[in-house]
Amino acid sequence: MTTDEITDLLTEAYIDELETVMNYLTNAIVLDGVHAEEVKESLEDDVQEELEHARRLGNRLKQLEESPPGSEAFEASQSSLQPPEDTTDVQSVIEGVLEAEDEAIETYRALHEAASEANDPITEDVAVSILSDEEAHRTEFRGFQKEFPMD
Ligand SMILES: [Fe+2]
Ligand SMILES: [Fe+2]
């Protein structure tokens with residue numbers, strides 16, 4: 001059985017995924033320098049995965065007889081993922097990605113819990129499967145963070 005909490009979380013997560021797609025795509029384009037190459041490639045790969053997450057969330061909303069939102073419902077929140085003024089500042093992008101992934105992990109944990117409480121195993125499955133991708137993204141960027149320590 002679905003609840004407002006589930007559809008609200010699915011909608012919020014859908015918007016967050018699309019904001020992540022925009023910011024990862026932008027940063028994959030703007031970063032400069034030899035040290036940036038691996039991070040850019042990783043961001044480029046993640047754009048496809050985050051877009052697929054949005055697709056799965058939108059399809060789940062549709063199955064629950066709700067519509068995923070259009071752009072008028074959009075509210076930006078990822079201030080730390082804005083393209084850096086210094087385009088060789090890979091560290092700031094890494095920190096922004098880690099913040100976004102932590103946020104996503106929190107959202108999917110909440111979605112999993114709400115779905116489990118409401119006895120909605122399909123939404124639970126969507127939450128667990130996306131959660132596993134987000135944890136993998138976080139691990140990868142923690143690795144980059146070690147390579148590019150903050151001062
Ligand atoms: Fe995602
Ligand atoms: Fe992610």
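Counting convention: from 1, in listed order, for ligands and their atoms alike.
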For the Fe ion (ligand 2), which N, O or S atom of H137 is at the shortest distance? ND1

Side chains of E140 and H137: donor-acceptor distance under 3.5 Å anywhere? no

Indicate whether the side chain of E99 and that of S80 have a donor and an acceptor atom separated by less than 3.5 Å. yes

Under 2.8 Å from the Fe ion (ligand 2), is there an N/O/S atom belonging to E101? yes

In sequence, state the C-alpha distance, the side-chain angles, and the governing distance for E147 and H35, and then conclude on side chain to side chain donor-acceptor pair (under 3.5 Å). CA-CA 10 Å; E147 213 182 337; H35 298 301; over 6 Å; no

Pair R60, D120 - check salt bridge (charged side-chain N to carboxylate O under 4.0 Å, His left out), show working. CA-CA 11 Å; R60 185 62 190 141; D120 173 353; 3.0 Å; yes

Of all the N, O or S atoms in H53, which one sits nearest to the Fe ion (ligand 1)? ND1

Any N/O/S atom from E17 (main chain or side chain) under 2.8 Å of the Fe ion (ligand 1)? yes

Should R109 and E135 count as an ion pair when the cut-off is N to O under 4.0 Å? yes

OE2 (E134) to the Fe ion (ligand 1) to OE1 (E50) angle, given to the nearest 10 degrees: 120°

